[in-house]
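Each chain gets a letter, A, B and so on, in the order the sequences are listed, and its residues count up from 1.
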Amino acid sequence: MYRVRIAPSPSGNLHVGTARTALFNYLFAKKNNGQFILRIEDTDLERSDKEYIKNIFDSLKALGLNWDEGPDVGGDYGPYSQSERFDIYPEFAKKLVEAGFAYECFCTPEELEAEKELSAKNKQAYVYSGKCKNLSDEEKLKRQEEVPAIRFNVSKAQKAFHDSSELSFNDLVKGVLKQDTSLIGDFVIMKSNGTPTYNFAVVVDDMLMKISHIIRGEDHISNTFKQILIYEALGAQAPKFGHLGMILAPDRSKLSKRHGATAVSEFTEKGYLTEALVNFIALLGWSPSDGQEIKSVNEIAEDFRIHDVSSSNSIFEYDKLNWMNSQYIKKLDIETLKNALRPFLAQYDLSGLTDAQYTRMVEITREPLTILSDITNDVPYFFGDTVKVEPEVQAEVLDTETSRKVLREFYNDAQNWEFSEEALHEKLDEFRAKFKEQGIKPKETMWAIRAAVTGRTRGADITAVLAILGREKVLGRVNSELVNSA
RNA sequence: GCUCCCAUCGUCUAGAGGCCUAGGACAACACCCUUUCACGGUGUAGACGGGGAUUCGAAUUCCCCUGGGAGUACCA
């Protein structure tokens, strides 16, 4: 049975990079009928926050990445928050110490700092000296007041399970990866405050939770060697590993706040649809076998093969995400869209519109939307008795003689028009024809009306706009334009 | 500094020795459609980082260089 997991640390909102890792794990699980587990890595209490945990839950769910086991839904291998597992780690650390694969270290931060400075001075890679490795019982007794950290004995584990100092494993996406373990210093597995370090907690948890495959970012490659050694020292079978390339910002640096949104929730707040986001993120490193890029998570899962995932980094560019988002908006059914748009219409008084009018407004304004928040600036002219006319529109369109003539006649003619879309269509046809005979292009005729009523030269279908506004507002706006420019 | 990873159009990618005068998508540009904007349609431009080696033949294999990224904590 394949079991994979996503193990975010709640020190921030769910990052798109983490979301992609989660997605690939989810896809792998779905494709192979496996289980997808959520574990919260909150061993560093200082940096963890409940708010972030909620954000992680909500974002993952919004993306459609539902987990089979996790802190909220439980499961057979819980608890699923590391902070609730603190009593588990010491016993495994003790086992390692007893077997000689780990030892107590009394070094002070100052001593460690000195070691690091020395190796920096000698332009050498810092490797812990191992000075506490062979402390005599006598010395330990002398120091019994101090609380030691526990370090993993790298060379002992390496020698116990491998012929040379080289350690290698076959990565699911990158192939064979190697590392000379003599370059890995004896690292801390239990801090002197009694909590486990990341590398130790992950191994213990993944082992206990029977995780079979670990798919994560390539920033973990160096950790993997340490972790494999711990698995071996613990007498456990190491899972298979797959390391994904990183997601970079357009300037090829790490994606950070400086580049805009980084959290999934920020994207949704800006008006990105989670379906589009997840689809876009899947395309970073993976490509569909049929060339059809717009796909649901389930469709992607069917086509997903971890071995086909690209091992290089990829850059997060908004262009394609924007296009994709617009495609997903087009596919939304009208009721869903109406609701999705509401938060972005908060500044307008929607109660002034009937449901039918609101529906129609959305129907005629949805086409150019790239992100949902675009709607905010696309609809002001649907509200209020008056309208704000843009200066250029005033000068270039409304202040022409042609426009004034059109508007004067429109004001007269439309007095007894029925302001339904159908009727308007017919009337406007006639209206345009009348001016066409006088050498005024249909385009110009409509521009004048649009400009006076909406204050803009571009926007939604004008016939529908007029119908939604109704005769009173339309003629009111036309009249004030005529009065103002008279 | 040391260690590791990566390298095809601006971007995401297809490509696992001949099917490649390198394909697709986004973006760009042009044209068409059109009572605006947009959508849509049709086209154009655009890449194998450099150098060696292997081979009858290399984007595909190997080596070196260069470039980019990551790790180097009692953070995760």
Side-chain angles (χ1 to χ4, degrees), chain A residues 7-11 41-44 46-48 82 105 107-109 112-113 116 119-128 147-151 171 174-175 177-180 183-185 187-199 201-202 217-225 243 245-246 248 250 252-254 280 283-289 291-294 308 310-324 326-327 330 365-370 378 397 425 428-429 431-432 441-447 449-451 454 456-463:
Chain A
S9 160
S11 54
E41 310 223 317
D42 51 357
T43 48
D44 187 354
E46 304 263 305
R47 304 200 319 174
S48 300
Q82 285 184 332
C105 172
C107 291
T108 62
L112 263 14
E113 201 49 48
K116 276 179 214 171
S119 48
K121 216 167 107 188
N122 296 337
K123 299 204 165 184
Q124 280 179 326
Y126 166 68
V127 178
Y128 172 63
V147 189
I150 297 176
R151 284 184 186 269
D171 190 89
K174 288 178 188 285
L177 260 26
K178 298 175 190 162
Q179 166 80 187
D180 182 348
L183 266 17
I184 304 175
F187 54 92
V188 171
I189 56 174
M190 289 296 288
K191 304 176 207 172
S192 52
N193 69 4
T195 63
T197 59
Y198 164 75
N199 275 308
V202 200
E218 69 177 26
D219 49 337
H220 282 290
I221 291 178
S222 57
N223 287 326
T224 303
F225 295 99
H243 293 273
M246 318 271 2
L248 268 27
R252 292 180 191 278
S253 67
K254 207 154 85 181
F280 171 72
L283 259 23
L284 262 25
W286 174 85
S287 67
S289 58
Q292 177 56 49
E293 294 187 323
I294 298 208
D308 290 349
S310 160
S311 61
S312 50
N313 295 342
S314 41
I315 293 174
F316 191 104
E317 282 275 13
Y318 274 80
D319 282 340
K320 192 154 187 171
L321 171 62
N322 285 341
W323 167 78
M324 196 157 263
S326 73
Q327 294 298 310
K330 284 185 218 319
T365 50
R366 66 182 298 175
E367 196 65 56
L369 297 179
T370 296
D378 288 348
V397 181
H425 228 97
L428 283 170
D429 254 346
F431 191 71
R432 278 193 296 270
K441 292 185 203 141
K443 208 186 253 185
E444 290 179 274
T445 308
M446 298 312 285
W447 264 33
I449 298 172
R450 175 185 293 281
T454 71
R456 308 176 168 199
T457 53
R458 50 179 66 170
D461 180 82
I462 190 63
T463 312

Between A:M190 and A:P196, what is the shortest heavy-atom contact and its length?
SD-CA, 3.6 Å
Let me know the distance between CE of A:M324 and C1' of B:rU13, rounded to the nearest Å.
12 Å
So what does A:R456 touch, heavy atoms closer than 4.0 Å: a base, only the sugar-phosphate, or nothing?
nothing
So which atom in A:T457 and which in A:W447 form the shortest heavy-atom distance, rounded to 0.1 Å?
O-NE1, 4.3 Å
Hey, does A:T197 reach any base, or is it just sugar-phosphate, or nothing, if we go heavy atoms under 4.0 Å?
sugar-phosphate
Indicate, with a heavy-atom threshold strictly under 4.0 Å, whether A:G285 touches base, sugar-phosphate, or nothing.
sugar-phosphate
I need the NZ-P distance between A:K320 and B:rU13, as an integer number of Å.
9 Å
Can you tell me, in whole Å, how much space there is between the P of B:rA25 and that of B:rG40?
13 Å
Distances for protein N or O near nucleotides 69-71 of chain B N or O, under 3.5 Å:
from: B:rG69; atom 1: OP1; to: A:R252; atom 2: O; distance (Å): 3.4
from: B:rG69; atom 1: O2'; to: A:N313; atom 2: ND2; distance (Å): 3.1
from: B:rG71; atom 1: O2'; to: A:S222; atom 2: OG; distance (Å): 2.7

Between B:rU60 and B:rG18 - P atom distance, rounded Å
12 Å
With no hydrogens and no angle check, just 3.5 Å: does a side-chain donor-acceptor pair link A:T197 and A:N199?
no
Grab the CD-C1' distance between A:E317 and B:rC9 for me, whole Å please.
13 Å
Please report the interatomic distance CG(A:D171) to NZ(A:K178), rounded to the nearest 0.5 Å.
13.5 Å
CZ of A:F316 versus C1' of B:rC26: gap in Å, rounded?
13 Å
Using the C1' atoms only, state how far B:rA59 lies from B:rG49, rounded to an integer number of Å.
12 Å
Can you see if the side chain of A:K116 gets near the phosphate of B:rU72 - specifically, an N or O under 4.0 Å from OP1 or OP2?
no
Separation of B:rG24 atom C1' from A:W286 atom CH2, nearest Å, is 14 Å
Integer angstrom distance from the C1' of B:rU42 to that of B:rC33
11 Å
By side chain to side chain donor-acceptor pair (under 3.5 Å), A:S9 pairs with (sequence neighbours left out) none
Determine which nucleotide pairs with B:rG46, using a 3.5 Å limit on both distances of a Watson-Crick or G-U wobble pair.
none
Nearest-angstrom distance, C1' atom, B:rG15 to B:rA7
15 Å
Check A:Y128 against A:L112 and note the closest heavy-atom contact, atom names and distance.
CE1-CD1, 3.8 Å
Mate of B:rA25 where both pairing distances stay under 3.5 Å, Watson-Crick or G-U
B:rU11
Write down the distance between CD (A:Q292) and P (B:rA14), rounded to a whole number of angstrom.
17 Å
Nearest heavy atoms of A:R366 and A:K330, plus distance in Å:
NH2-O, 3.3 Å
Using the P atom as the reference point in each nucleotide, state the distance between B:rA28 and B:rU21 in Å, no decimals.
31 Å
Got a list of protein N/O to nucleotides 1-3 of chain B N/O distances below 3.5 Å?
from: B:rG1; atom 1: O2'; to: A:K123; atom 2: O; distance (Å): 2.9
from: B:rU3; atom 1: O2'; to: A:Q179; atom 2: NE2; distance (Å): 2.8

C1'-based separation of B:rC9 from B:rC4 [nearest Å]
29 Å
Using Watson-Crick or G-U wobble geometry with both distances below 3.5 Å, tell me the partner of B:rU61, or none.
B:rA53
Looking for any heavy atom pair under 4.0 Å, which part of the strands does A:E41 touch: base, sugar-phosphate only, or nothing?
sugar-phosphate
A:L284 has an atom CG; how far is it from atom C1' of B:rC6, in whole Å?
15 Å
Hunt down the Watson-Crick or G-U wobble partner of B:rC4, both distances under 3.5 Å, from any strand shown, or write none.
B:rG69
How about A:P288 and A:L283: do any of their side-chain heavy atoms sit closer than 4.5 Å?
yes
Residues which pass side chain to side chain donor-acceptor pair (under 3.5 Å) with A:E218, listed by chain and number, not counting sequence neighbours
A:K174
Which heavy-atom pair separates A:N193 from A:T195 by the least distance, and what is that distance?
OD1-OG1, 2.7 Å
What's A:S119 touching, base or sugar-phosphate or nothing? Going by heavy atoms closer than 4.0 Å.
nothing
Considering heavy-atom distances to RNA chain B, does A:T195 or A:S310 have its closest nucleotide positioned more toward the 5' end?
A:S310
Per-nt protein contacts along nucleotides 29-45 of chain B (heavy atom under 4.0 Å; B base, S backbone sugar-phosphate only, - none) come out as ------BBBBSS-----
Hey, does A:H220 have a side-chain heavy atom less than 4.5 Å from the side chain of A:Y198?
yes
Watson-Crick or G-U wobble partner for B:rG17, using a 3.5 Å limit on both distances?
none
Answer yes or no: is there a side-chain heavy-atom contact under 4.5 Å between A:I294 and A:W323?
yes
Apply ring-ring contact (aromatic ring centres under 6.0 Å, His included) to A:F280 and list each qualifying residue two or more places apart in sequence or on a separate chain.
A:F316
Checking N1-N3 plus N6-O4 or O6-N4 for Watson-Crick, or N1-O2 and O6-N3 for wobble, each under 3.5 Å, the partner of B:rC33 is none
With side chains defined as the heavy atoms from C-beta onward, is the minimum distance between A:R432 and A:L428 less than 4.5 Å?
yes
Please report the distance separating the P of B:rU61 from the corresponding atom of B:rU8, rounded so that it comes out in whole Å.
13 Å
Length of the line joining A:Y198:OH and B:rA73:P, which is rounded to integer Å
15 Å
